[in-house]
Amino acid sequence: MAGLDLLLINPPGKMEIYQNLGKGLAAVEPPVWAGLLAEHARLKGYSVSLLDAEAEGLTHEQTAARAADLDAALTLFVVYGQQPSASTQCMPGARKSATALRALTDRPVAMMGTHCAALPERTLREEPVDFVFTGEGPATLDALLACFVHGQGALGSVPGLCRWDGDRVVASAPSPNAADLDADLPRQALDLLDMTKYRAHNWHAFNDLAHRDNYASLQTSLGCSFKCSFCCINAPFGGPGMRYWSVDTVMAQIDEMVTRYGVRHIKIPDEMFVLNRRHVSDLCDALIDRDYGLNFWAYARIDTLHPELLGKLKKAGFNWLCLGIESGSKHVRDGVTKGRFGNVDIAEAVSRTRDQGISVLGNYIFGLPDDTMDSMRETLDLALDLNTEWANFYCAMAYPGSALHAQAKAAGLPLPDDPGGPGWIGYSQHAYECMPLPTEALSAEQVLSFRDQAFIDYFDRPDYQRMVGDMFGSEAAENVRDMLKMTLPRRHHTEPGWMTRLVKEPV
C-alpha cells in the first residue's frame, strides 16, 4: 500500500531553458498550479506532498529518487513555465525526471500542463507516463485519485484523461472546468514549499535587490477572453473566457504570504488582470486598507488600460505593469489579432502609466507572420523611443495549442519538434537551440539574431542606464551593466545555418 496518496512534482530544467541566466537573473517562482492542486486534494481528504525540484536545485536523478522514496499512489508532473502559456519548453526537463522515476517505480505517473492539454495524445506517446490530463486538472485529479486510493470507479470514466488501452491511446470526454474557484482552488499549499527558495526578477526588485527572495506569485483569475494567434493560454480551459477568485479569497492568500512568510514582492500572472475594472478596483481597495507596502507587478493590454484605475493601482502597490505591445507595426499586430491600436495610443498609454509612478515593462515580439526586417526595426525603434523601465524581447514561437502552431503546420514551416529539430527545448526563448518561427520574408536565424542584438541595443544605452540609476539608484544601474556582461550562447553562433538546413518530411 502506498505511503502517500498524491505527489505533485515541479520538474527541474531552468539551466536548459535559461542557460547561464538561470543562475541569478531569472526569477524562481513558486509552482502556482501545483500548489493549487495540492490544496484541492488535501481538502478532499488525501495525503499530499509537493516536490519543487526546480527551486530545490535537484537533478533529474535526485528528483526521481525523492519521488520513489515517497512512494505515492499517484505521482503527477505539473508542467508549467514562468509564463503560464509557455510550458512546452519545460517538457524536456519533465521527460528526463519522469524517465528516471520510471526506472525506480511502477507506481502510476501522470503529467499535465498547457502543452499536455494542447497535445495530449502525442504527449502520452512520447513521454514515459501512464496518463495525460487534457484539461485544467481538478476534476480529472479527483476521479483518478478515487480510482487509485479508494478503488472507486474505472479509468474509462475519468474525465479529461488520455491513457493507454492495450496498445491504443484513448481519450475520455473533456473534464468540466472548476465552477467555483473559491471553493475548488481556494489557496496554494505554501506550507508544502520552502518559501525561502524563491526570488523575484531582477527588475521587479530594482528598489530592493538585496531582498529578491521575499517573493511569491498568485492568480486572481483564470483564462483570457482574447484570441491572439501566438498564444496558447486557453488550451487547458477549452476556449476563451475568464473566471475569477473573489477578492476575499485573494486577500486571504496575500495575508498568509505576508504574515507567515514575509513576502514583499508579488507577481500576478493573470493574462488579463486589468480587464475587469470592478474586480481590480475592489482588490486595490482591500490592499490599500491593509497597507502592507507590497511590490506587485501584473500584465496589461494597451487597449484595456483604463486611466481611472492607474492611480488606485499605484496606491495599492502595483509598481510595475507589463504591457503587451508586441509590435511597432499596426499591420503586423492586426495580423495576429492583437488589438486595434496605433503607436500614438501606445505612447499615450505608457505615458499615462508612468505619470502615476508605475514603471512599465514593454513586451515585444520579433518574427510575427507579417514581419519583415523593416517592421522589426520599426518595433525596436518604438521600444527605444518609449525607453520603458524594462523591456522583454521575444521571437515569435508557434506554441502547441496556439492558432499560430496550426497555421505553421498547415504551411509546412519548420518547427523545433520536426524530425531533425532540437525538440521541445527549441521553443525556449533563451535556450542554446532556440528555434523561432520563420516568416515569408525572414529566416529563423535572421529573427533570432535580430532579437539578440535588439536586447543589447536596448539595454546598453547611456540614456536607459541613466534613467534606471535616477529612478532606482546606482545599484540597479550596475545590475544592468552586470547583466550585459553575460553572454547567451546560441547554436547558430557555432553552427551557422543549422535551422535552414533542417529537412522536413513531405506533408
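As the structure is a computational prediction, the values presented were derived from the model and not from experiment.
Checking side-chain atoms of D418 against main-chain N and O of G421 turns up no donor-acceptor pair under 3.5 Å. Between the side chain of S351 and the backbone N or O of A347 there is no donor-acceptor pair closer than 3.5 Å. Distance alone, capped at 3.5 Å, places no donor-acceptor pair between the N295 side chain and the N319 backbone. For the pair Q429 (side chain) and C395 (backbone), a donor-acceptor distance under 3.5 Å is present. Of the possible donor and acceptor atoms, one in the side chain of E54 sits under 3.5 Å from a partner among the backbone N and O of G13. Under the 3.5 Å distance criterion, the side-chain polar atoms of R354 are left unmatched by any main-chain donor or acceptor of S359. Not a single donor-acceptor pair under 3.5 Å links the side chain of S402 to the backbone N or O of C232. A donor-acceptor contact shorter than 3.5 Å is absent between the side chain of W297 and the backbone of L321. Counting only distance, with no hydrogens or angles, the side chain of T123 and the backbone of L119 share a donor-acceptor pair below 3.5 Å. When atom types are taken as modelled, the side chain of D285 and the backbone of D282 share no donor-acceptor pair closer than 3.5 angstrom.
In plain terms, the two heavy atoms of G367 and T439 that are nearest each other are O-CG2, 3.4 Å. Across all their heavy atoms, A72 and L6 have their closest contact at CB-C, 4.1 Å. Nearest heavy atom pair, residue A200 against residue H265, reads CB-CB, 4.1 Å. The two residues L8 and A34 make their nearest non-hydrogen contact at CD1-O, 3.5 Å. The minimum heavy-atom distance between L181 and A178, with the atom names listed, is CD2-CB, 4.0 Å. Listed here is the closest heavy atom pair of C434 and L448: O-CD2, 3.7 Å.
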Expected list for residues 44-51: side-chain donor-acceptor pairs under 3.5 angstrom, two or more places apart:
unit_1: S47; atom_1: OG; unit_2: D5; atom_2: N; d: 2.9
unit_1: S47; atom_1: OG; unit_2: D5; atom_2: OD2; d: 3.2

Please output the side-chain donor-acceptor pairs of residues 153-162 that fall under 3.5 Å, not counting sequence neighbours, one pair per line with the distance.
unit_1: S157; atom_1: OG; unit_2: A154; atom_2: N; d: 3.4
unit_1: S157; atom_1: OG; unit_2: A154; atom_2: O; d: 2.7

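Residues satisfying the side-chain hydrogen bond (donor to acceptor under 3.5 Å, both in side chains) test with S281, not counting sequence neighbours, are K312. With sequence neighbours excluded, the residues that form a side-chain contact (heavy atoms from CB on, under 4.5 Å) with A398 are L404, H405, A408, L415, L437. For P240, the side-chain contact (heavy atoms from CB on, under 4.5 Å) test picks out K227, N234, with sequence neighbours left out. With sequence neighbours left out, D213 forms a salt bridge (Lys or Arg N to Asp or Glu O under 4.0 Å) with no residue at all. Contacts of T220 classified as side-chain hydrogen bond (donor to acceptor under 3.5 Å, both in side chains), with partners at least two apart in sequence or in another chain: D270, H279. D165 meets the salt bridge (Lys or Arg N to Asp or Glu O under 4.0 Å) test with R168; sequence neighbours excluded. Judged as a side-chain contact (heavy atoms from CB on, under 4.5 Å), and not counting sequence neighbours, the contacts of P108 are L74, D130, F131, F148. Residues forming a salt bridge (Lys or Arg N to Asp or Glu O under 4.0 Å) with K96 (at least two apart in sequence, or on another chain): E16.
Heavy atoms from other residues, nucleotides or ligands lying under 6.0 Å from NZ of K314 number more than 12.
F273 has its ring centre no less than 6.0 Å from the ring centre of Y299. In this structure, Y458 has its ring center no closer than 6.0 Å to that of Y364.
Contact of the Y80 side chain with the P236 side chain is registered, since non-hydrogen atoms from C-beta on lie closer than 4.5 Å. Contact check for F296 versus L313: no side-chain heavy atoms found under the 4.5 Å cut-off. Proximity of L185 to P138: side-chain heavy atoms (C-beta onward) are separated by under 4.5 Å at one or more points. For the pair M112/F77, no side-chain contact is recorded, criterion being any heavy-atom separation below 4.5 Å from C-beta on. At a threshold of 4.5 Å between non-hydrogen side-chain atoms, the residues E39 and L190 do not count as touching. Using a 4.5 Å heavy-atom threshold, the side chains of V280 and N276 count as separate. Side-chain atoms of L310 and F318, non-hydrogen and from C-beta on, never get closer than 4.5 Å to each other. Here the side chains of C322 and W390 are not in contact, with every heavy-atom distance at 4.5 Å or above.
Here the CE-NE2 distance, from M91 to H115, works out to 4.5 Å after rounding to the nearest 0.5 Å. Atom CD of E433 is separated from atom CE of M435 by 10.0 Å, given to the nearest 0.5 angstrom. Between the OG1 atom in T88 and the CD1 atom in I425 there is a gap of 10.5 Å [rounded to 0.5 Å]. To the nearest 0.5 angstrom, E127 atom CD is 9.5 Å from R122 atom CZ. Atom CE in M272 sits 7.5 Å away from atom CE in M242 (nearest 0.5 Å). Residue N214 holds its CG atom at 9.5 Å from CE of M195, rounded to the nearest 0.5 Å.
The aromatic rings of H201 and W203 lie parallel to each other, with less than 30° between the two planes, well short of the 60° mark.
Pairs of residues two or more places apart, or lying in two chains, that qualify as salt bridge (Lys or Arg N to Asp or Glu O under 4.0 Å) and include a residue from residues 235-257 are E136-R243, R187-E256, D255-R290, E256-R260. For residues 356-366, no pair satisfies salt bridge (Lys or Arg N to Asp or Glu O under 4.0 Å), with sequence neighbours left out.
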CA sep, side-chain torsions, deciding dist, call: V250, L218, side-chain contact (heavy atoms from CB on, under 4.5 Å)
CA-CA 8 Å; V250 173; L218 84 159; 4.0 Å; yes
Can D52 and Y198 be said to form a side-chain hydrogen bond (donor to acceptor under 3.5 Å, both in side chains), step by step?
CA-CA 11 Å; D52 188 353; Y198 302 102; 2.6 Å; yes
Please evaluate residues F206 and E389 with respect to the criterion side-chain contact (heavy atoms from CB on, under 4.5 Å), reporting the C-alpha separation (whole Å), side-chain torsions for both, the decisive distance (0.1 Å), and the verdict.
CA-CA 10 Å; F206 266 170; E389 288 81 353; over 6 Å; no
Would you please test K409 and D417 for salt bridge (Lys or Arg N to Asp or Glu O under 4.0 Å) and show each step?
CA-CA 11 Å; K409 285 288 188 183; D417 51 301; 3.5 Å; yes
Dump the intermediate steps for side-chain hydrogen bond (donor to acceptor under 3.5 Å, both in side chains) on Y215 and E29, then the final yes or no.
CA-CA 8 Å; Y215 179 64; E29 298 190 355; 3.1 Å; yes
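Judged by the 6.0 Å and 45° rule, R301 forms a cation-pi pair with F226.
Residues E308 and R277 are paired through a salt bridge, judged by an N-O separation under 4.0 Å between the basic side chain and the carboxylate.
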